[in-house]
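This report concerns only the one structure given below.
Read the numbers this way: they start at 1 and go in the same order the structure lists the ligands and their atoms. As the structure is a prediction and not an experimental result, all values here were calculated from the model.
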Amino acid sequence: MTQTLTLRRPDDWHLHLRDGDMLRAVLPHTAAHFARAIIMPNLVPPVVRGADAAAYRDRILAALPEGSDFTPLMTLYLTEDTEPDDVAAAHASGLITAVKLYPAGATTNSASGVSNFDKVAPVLDRMADIGLPLCTHGEVTDPEVDIFDREAVFIDRVMDPLRKRHAGLKVVMEHITTSDAVAYVRSAGANLGATITTHHLVINRNHILAGGIKPHYYCLPVAKRETHRLALRAAATSGDARFFLGTDSAPHTDANKLLPCGCAGCFTAPNTMSILAEIFEQDGALKHLEAFTSLNGPAFYGLPVNEDTLTLTRTSAAYPDHIDTPEGPVTVFDPMMPLNWSVSRD
Ligand code: DOR
Ligand code: ZN
């Protein structure tokens, strides 16, 4: 039986760090394990221009624990007013690694997102020219579409037409939750990748809704039925280079989760690596864990893999059920299973 597993240091290709006190409270949990992370721009107000991203990056770097070598990979929030030249300059200077598309109204702080895709066509063309990836929140916002169908409908109505219109654009389908998305990614070429979260490998919609409502399992896209979870697990553990880790770790205080209209998001930064080791072991795929957490993402983004390593040791791992922040407690995702792999930096 494998007792220790040394991986190239992992990266998180989709992360919410927030700002201010919350940023300072959650960042150390990611920086303890991950070398880099794609930082989501859905602040209030959002990170829309290069200058906003530069200022946010400086706030993140200032919030890092002493001696940390964590690198935030910044993104811009795509709006219908985004200027191609501003995006190109931010990319050319090395400031940004991707641009994020939120359909207007799809999720937390997405009001400035895109409704009319004609308006963003010039930016997307420019991004295709310069090789800058588009990260997508793939859900339609049409109130007529059932929330459990919004990802599959997005693929047909938005994703496929967008990729045909902007051939050559690198696209990441983020936090995929359906077998439809897995099949779509498998059918596409190397320009399409997908991130998968830790929590979507663990929970299905019963965990949110059966036997009482569990707000801490509510996130967007919402977890789907079990067949979809199994398709995500098969994709993540397969080693297929088009699938890689994006935790979508999204801290909200308990006060904001436990409301009549509570926020969407699961906070998985502290225990993600232990949970993933457990899942990959359960599926007989520990040999593919490094591909999912540390190799496939850099390959898609055209970045070098990390030189340093992280070691997983087969010994019981304990995590707090919440972290304290100046804004209030934030519940850590409960994987509902013992964790038998603990994590150490080498
Ligand atoms: O669950 C989610 N939380 N999904 C998102 O798309 C946004 C995120 C957040 O910012 O809280
Ligand atoms: Zn997210």
Exercise: do H216 and D334 side chains pair donor with acceptor under 3.5 Å: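 Absent: no donor and acceptor within the cut-off.
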Under 4.0 Å from a heavy atom of [X]: give me the atoms of ligand 1 that qualify, with their elements.
X    : value
C219 : 1 (O)
A250 : 3 (N), 8 (C), 9 (C), 11 (O)
H137 : 6 (O)
H252 : 9 (C), 11 (O)
D248 : 4 (N)
H16  : 7 (C), 8 (C), 9 (C), 10 (O)
L220 : 1 (O), 2 (C), 4 (N), 5 (C), 6 (O)

Determine whether more than 12 heavy atoms belonging to other residues, nucleotides or ligands lie under 6.0 Å from atom CZ of R186.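 Above 12, so yes.
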Where does the angle between the aromatic ring planes of H137 and H175 fall among parallel (under 30°), tilted (30 to 60°) and perpendicular (over 60°)? perpendicular
On the 0 to 90° scale, with breaks at 30° and 60°, tag the F244-F300 ring pair as parallel, tilted or perpendicular. tilted
Using a 4.0 Å heavy-atom threshold (strictly under), name the region of H14 that reaches ligand 1: side chain, backbone, both or neither.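 Looking at H14 and ligand 1, no heavy atom falls under 4.0 Å.
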Pi-cation contact, Y102 with K100 (under 6.0 Å, within 45°): yes
Quick one: is the NZ or CZ of R205 closer than 6.0 Å to the six-membered ring centre of F148, and within 45° of its axis? yes
Of all N/O/S atoms in D248, which lies nearest to the Zn ion (ligand 2)? OD1
Counting backbone and side-chain atoms alike, does [X] have an N/O/S atom under 2.8 Å from the Zn ion (ligand 2)?
X    : result
H137 : no
H175 : no
E174 : no

among protein heavy atoms, the one nearest atom 3 (N) of ligand 1 is A264 O, 2.9 Å
Just need the protein heavy atom nearest to atom 7 (C) of ligand 1, so name the residue and atom and give the distance.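 Checking every protein heavy atom, the shortest distance to atom 7 (C) of ligand 1 gives T107 OG1, 3.4 Å.
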Identified salt bridge (Lys or Arg N to Asp or Glu O under 4.0 Å) partner of D19 from the options R57, R59, R24: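 The salt bridge (Lys or Arg N to Asp or Glu O under 4.0 Å) with D19 is passed solely by R59 among R57, R59, R24.
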Looking only at distances, please establish whether an N/O atom of ligand 1 is found under 3.5 Å from an N/O atom of N42. yes
I'd like to know if the side chain of R9 reaches the main chain of F34, judged simply by a donor and an acceptor atom lying under 3.5 Å from each other, with no hydrogens or angles considered.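 Yes; at least one donor-acceptor contact below 3.5 Å.
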Sub-3.5 Å donor-acceptor pair from the side chain of T313 to the main-chain atoms of T315, do we have one? no
Non-hydrogen atoms of R18 versus ligand 1: any pair closer than 4.0 Å? yes
Roughly how far apart are D248 CG and T268 OG1, rounded to 0.5 Å? 7.5 Å
